[in-house]
Amino acid sequence: MLTPALSATKPRADDLLAWYDRHRRDLPWRAKPGEAADPYRVWLSEIMLQQTTVVAVRPFYLKFLDRFPTVHVLAQAQEEVVMQAWAGLGYYSRARNLHACAKVVVARYSGVFPSTEEELLKLPGIGAYTAAAVAAIAFNEHAAAVDGNVERVMSRIFTIDEPLPKAKVQIKTLTEELVPTDRPGDFAQALMDLGATICSPKRPACALCPWMSPCQAREQGLQETFPKKQKKAEGQLRRGAAFVVLRADDTILLRTRPPKGLLGSMAEPPTSDWDPAYEPSRAVLDAPLEARWQRLPGVVRHVFTHFPLEMTILFAKVPKGTPAPDDMRWTPRLRLYEEALPGVMKKALVHALGDLPPEPAAKAENA
DNA sequence: CAAACGTGGAA
DNA sequence: TTTCCAAGTTT
């Protein structure tokens, strides 16, 4: 009587929501059940979570929210301060767009986020996913937020053979058809929680899945083969040099990178160009100033999304009063934490100086 | 549309 | 150690 083909039933939002009500993750940016969501916090968290794990985001989110509690505070902040708060999280164009977006929301929308997917999509740093996520989660709009989790869940449920990213259009349509009139915000979060905790990339816990029965991939035992993806070419190794200068008054030579491109608007010790053919033995020719340069043993390795980097570190001590070259500055070693130093540049400084002084502990509000 | 764009953690 | 990748957007 029971035919396996029956499993081709449409997944029910109610089954997912019932699971969510029991197993929802408690996250700092997530409103408690029954509470209204704060659009600013939802938006901030969604930007931070782009291509970034919950574990990595959590401390940054808490510190960022403490420093910029409202969209008004953020809009009025200096860009350098915003970049400093983002330093270490990666994908720094997000921080520049975040700041730009805050200014638009304050200037054009009086500090109130627009509530529709369509309007949100116009704002800097907000793309198809984030527009739908904020609309649904913060405003309970009937929007389908399709991120990597949802792509995985949907491609498994419907055994979508088309590889990503081509399958995105189809997945968006399929997801829209499942969004309930009732709780679109919870549905969006439930779907992402499902992808993050049950329908994981490897070893999905199908036995615990509220959508096990309608899942076509599970029925065929092929859940781990979805989603199909086209592979990206891996980048070629680039080499370069970084120049760490310690002045006698315990200051370090830094500069700010151009606003666009790799590590845009972030701080760094002066560096050479990075190129596969770079010759570390000739690095001193690229030095920012005359000094007795010392080539330190070893290299600093770092892996960017699209290429690996090997940096040779040159170190020099210079006398008090040495002027900074054009577009560079001296920063006290004890205040390096105030600089917007990306991870790779922190590595370079640590290689030359040893551990950097820690940031002073934030003052406790209720000590 | 393919490529650029960071980082750190897990298997 | 290698591989994959985590709540994507912009150009």
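The sequence lines fix the lettering, A, B, ..., with proteins before strands; numbering per chain opens at 1.
Of the listed nucleotides (C:dC5, C:dA7, B:dG6), C:dA7 has the atom at the smallest distance from the side chain of A:Leu27. With distances taken from any side-chain atom of A:Lys260 to the nucleotides B:dT7, C:dC4, C:dT11, the minimum falls on C:dT11. Closest contact between the side chain of A:Tyr129 and the listed nucleotides B:dT7, C:dC4, C:dT9 involves C:dT9. The side chain of A:His302 sits closest to B:dG6 out of C:dT9, B:dG6, C:dA7. Out of B:dG6, B:dT7, C:dT11, the shortest distance to the side chain of A:Val344 is found at B:dT7.
A:Phe243 and A:Trp293 have perpendicular rings, their planes meeting at more than 60° on a 0 to 90° scale where under 30° would count as parallel. The aromatic rings of A:Phe304 and A:His302 lie perpendicular to each other, with more than 60° between the two planes, well past the 30° mark.
Phosphate contact (OP1/OP2 of C:dT10, side-chain N/O of A:Arg96, threshold under 4.0 Å): absent. OP1 or OP2 of B:dC5 lies within a sub-4.0 Å distance of a side-chain N or O belonging to A:His306.
The closest side-chain donor-acceptor pair between A:Arg329 and A:Thr256 falls under 3.5 angstrom.
In terms of modelled atom types and a separation under 3.5 Å, the side chain of A:Thr322 and the main chain of A:Pro319 share a donor-acceptor contact.
One atom, CG of A:Leu89, and another, P of B:dC5, lie 17 Å apart when rounded to the nearest Å.
When the P atom is compared between B:dA10 and C:dA7, the two are found 15 Å apart, to the nearest whole Å.
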